[in-house]
Amino acid sequence: MEEKIIILDFGSQTTQLIGRRIRELNVYCEIVPYNKFPHGDGSVKGVILSGSPFSVYDQEAFKVDLGDIRGKLPILGICYGAQFIAYTNGGKVEPAGSREYGRANLGRFEHDNPLLKGVRGHSQVWMSHGDTITAIPDNFRIIASTDEVAIAAYQVEGEQMWGVQFHPEVFHSVDGTLMLKNFVVDICGCHQTWSSASFVDTTVAELKEQIGNDRVILGLSGGVDSSVAAVLLNRAIGKNLTCIFVDHGLLRKNEFHNVMHDYECLGLNVIGVDASEKFFKDLEGVSDPEQKRKIIGRDFVEVFNAEARKITDARWLAQGTIYPDRIESLNITGKVIKSHHNVGGLPKEMNLQLCEPLKWLFKDEVRRVGRELGIPEHLIGRHPFPGPGLAVRILGDITPEKVRILQDADDIFIQGLRDWKVKDADGREVSLYDQVWQAGVILLPVRSVGVMGDERTYERAVALRAVTSTDAMTADWARLPYDFLAKVSNDIINKVKGVNRVAYDISSKPPSTIEWE
Ligand code: XMP
């Protein structure tokens, strides 16, 4: 990248949000741990210090020496970042009164300060801190105050260094994005040229350079991330990319064939491996959810590696890892909060290097890049689907017959969601499928009595699950229209042999989870 902003992460919940806001300004940025500034990287145009769960005066608080950056690059401290700069320069930071949470208004501020240019009078900002700066060093100048917080923002005299105790990155700071724009564009001089098209161009060039004529292996799952990674690599190195798509027999109805067809249309060099027999055999009689997951994970690695080993000249393993999979937000104990789970365990003797071309992108950016690459919308807009597939949606042991029942019921539900159109908030016609984060059917381990014609039936029950969410960490059950639910229920009971009852899951996460197992 030609120019970027570095965000030093001191562990705040909103660090990712700062990154998102800057990307939305079409400026490229990277979040790095607070002590991992990329010294020597000439493309860095400015630095932002994030918030933190610590107090600056805590023994174990994250500290960093800004000596090598200060005076060379513009610096903006946010919340803890602002307190840290003030404190380490001789200012005072103390526990705040309880009023420094939530909305506040910038009653007085320097209208002509470069950071605050264009900010409206009494602009609302969002405060969220347990500490506050009670005194600043002599060479610091207060540039904004609220009724409660005298030192809401400061600038260091004669330097390109600012601190704000509020959070410009959150929605409730109404001119927050403008302040961030003032910083990254006017102060740091970034050009707002970061876009999906520029990402594709730069990444393709980088991949060509990095990989040269080497051969690369990539595991496809049918999902958005691995598909976009594959098409991007295909554009860079063409037939030197070999993709492997394993069918464990637990995919959706016809999914293996449909997705293979899509991949071939995209010009990818894909080896499809039908390993369903092996998975069914190894899963026979196993009901424990964790045991099922372990068997599937183990078998998957075995099958994938057996295929990979055949590509004897491979030098790289590519993966569709994306930014949220990797972000290692530092919590109090320094532990990784979320680590990515799509690394299968590589054949060690192959000595493969790892290539992750999407590792700096958020999910919606991956989708935009996918569109830029011409990947069809039905692949880009796909719901997330768990790696172990329908195995975690069949409660109890797995048999091919149960998979067939679930695939048929699921197909009716998902196709129904795609076909049912509603108006969104802007009056545009969208499908229910696009309005929910994820949906699927669960095959329950119960039978119940029903009546069909003159016959008493005693058959299986299924549950429909559809949720809204932004990140799968929390989710709410989707308020699907009654008429739609009635139609799907009717279709499933009439068309799927073996099912005579349909329920709708109305639990949210937490305390429930999205999947039943
Ligand atoms: P839960 O059920 O924990 O699911 O609310 C959150 C998200 O993760 C997916 N999920 C999985 N994905 N392997 C995966 O690759 C798994 O074992 C697995 N379990 C759940 C789930 O579909 C949802 O998107």
Side-chain angles (χ1 to χ4, degrees), residues 218-229 244-252 255-256 259 279 282-283 286-301 303-304 319-327 337-345 356 358 362-364 366-367 379-396 398 403 406-407 409-410 413-414 417 433-444 462-478 504-517:
L218 179 142
L220 282 171
S221 67
V224 182
D225 304 342
S226 62
S227 306
V228 172
I244 301 172
F245 181 23
V246 176
D247 181 4
H248 49 27
L250 300 155
L251 297 171
R252 291 193 147 121
E255 186 168 26
F256 186 65
V259 174
F279 282 84
D282 293 347
L283 284 167
V286 181
S287 322
D288 177 69
E290 282 315 299
Q291 193 63 20
K292 287 198 268 185
R293 272 199 172 77
K294 275 203 187 102
I295 293 170
I296 294 166
R298 184 201 65 202
D299 282 6
F300 189 89
V301 171
V303 174
F304 184 85
Q319 287 180 330
T321 318
I322 69 168
Y323 208 15
D325 296 334
R326 288 186 328 115
I327 288 192
I337 289 175
K338 195 176 170 200
S339 60
H340 57 108
H341 51 258
N342 43 357
V343 185
E356 297 176 311
L358 308 178
F362 293 101
K363 190 87 180 181
D364 56 325
V366 173
R367 290 203 160 106
L379 264 182
I380 298 285
R382 297 188 84 186
H383 288 168
F385 187 66
L390 300 181
V392 294
R393 296 185 183 164
I394 294 173
L395 306 197
I398 292 158
V403 173
L406 183 53
Q407 281 178 333
D410 179 84
F413 185 33
I414 297 297
L417 286 166
Y433 184 88
D434 289 329
Q435 286 213 314
V436 303
W437 165 267
Q438 190 170 359
V441 179
I442 293 93
L443 185 64
L444 305 180
V462 297
L464 309 181
R465 181 74 163 140
V467 295
T468 52
S469 177
T470 51
D471 53 12
M473 304 290 283
T474 59
D476 196 7
W477 59 278
Y504 188 50
D505 181 351
I506 53 166
S507 346
S508 59
K509 173 185 180 177
S512 298
T513 50
I514 297 176
E515 305 295 347
W516 279 42
E517 282 198 340

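Atoms within a ligand are numbered from 1 in the order they appear, just like the ligands themselves.
- Annotation for ligand 1: atoms under 4.0 Å from non-hydrogen atoms of Thr513 are 1 (P), 2 (O), 5 (O).
- Of the polar atoms of Ala472, none of the N or O atoms is found under 3.5 Å from an N or O of ligand 1, judged by distance alone.
- By the 3.5 Å distance cut-off applied to N or O atoms, Arg393 is not counted among the residues near ligand 1.
- Considering both main-chain and side-chain atoms, Lys509 comes within under 3.5 Å of ligand 1 through a nitrogen or oxygen pair.
- Within the 4.5 Å cutoff, no side-chain heavy atoms of Trp477 are placed close to those of Asp505.
- Residue Pro384 places no N or O, backbone or side chain, under 3.5 Å from any N or O of ligand 1.
- The main-chain N or O of Gly219 is never found under 3.5 Å from a side-chain atom of Gln319 such that the two would form a donor-acceptor pair.
- Across all non-hydrogen atoms, the minimal contact from Pro388 to His248 is C-NE2, 4.0 Å.
- Considering every non-hydrogen atom in both Ile398 and Lys292, the closest pair reads CD1-CD, 3.4 Å.
- If you number the atoms of ligand 1 from 1 as listed, the ones under 4.0 Å from a heavy atom of Gly387 come out as 12 (N), 13 (N), 14 (C), 15 (O).
- Relative to atom 18 (C) of ligand 1, the option among Arg293, Glu517, His383, Glu515 with the closest non-hydrogen atom is Arg293.
- The aromatic rings of Phe256 and Phe245 sit tilted, their planes meeting at an angle between 30° and 60°.
- What you find for Arg252 and Phe385 is that their closest heavy atoms are NH1-CD1, 3.7 Å.
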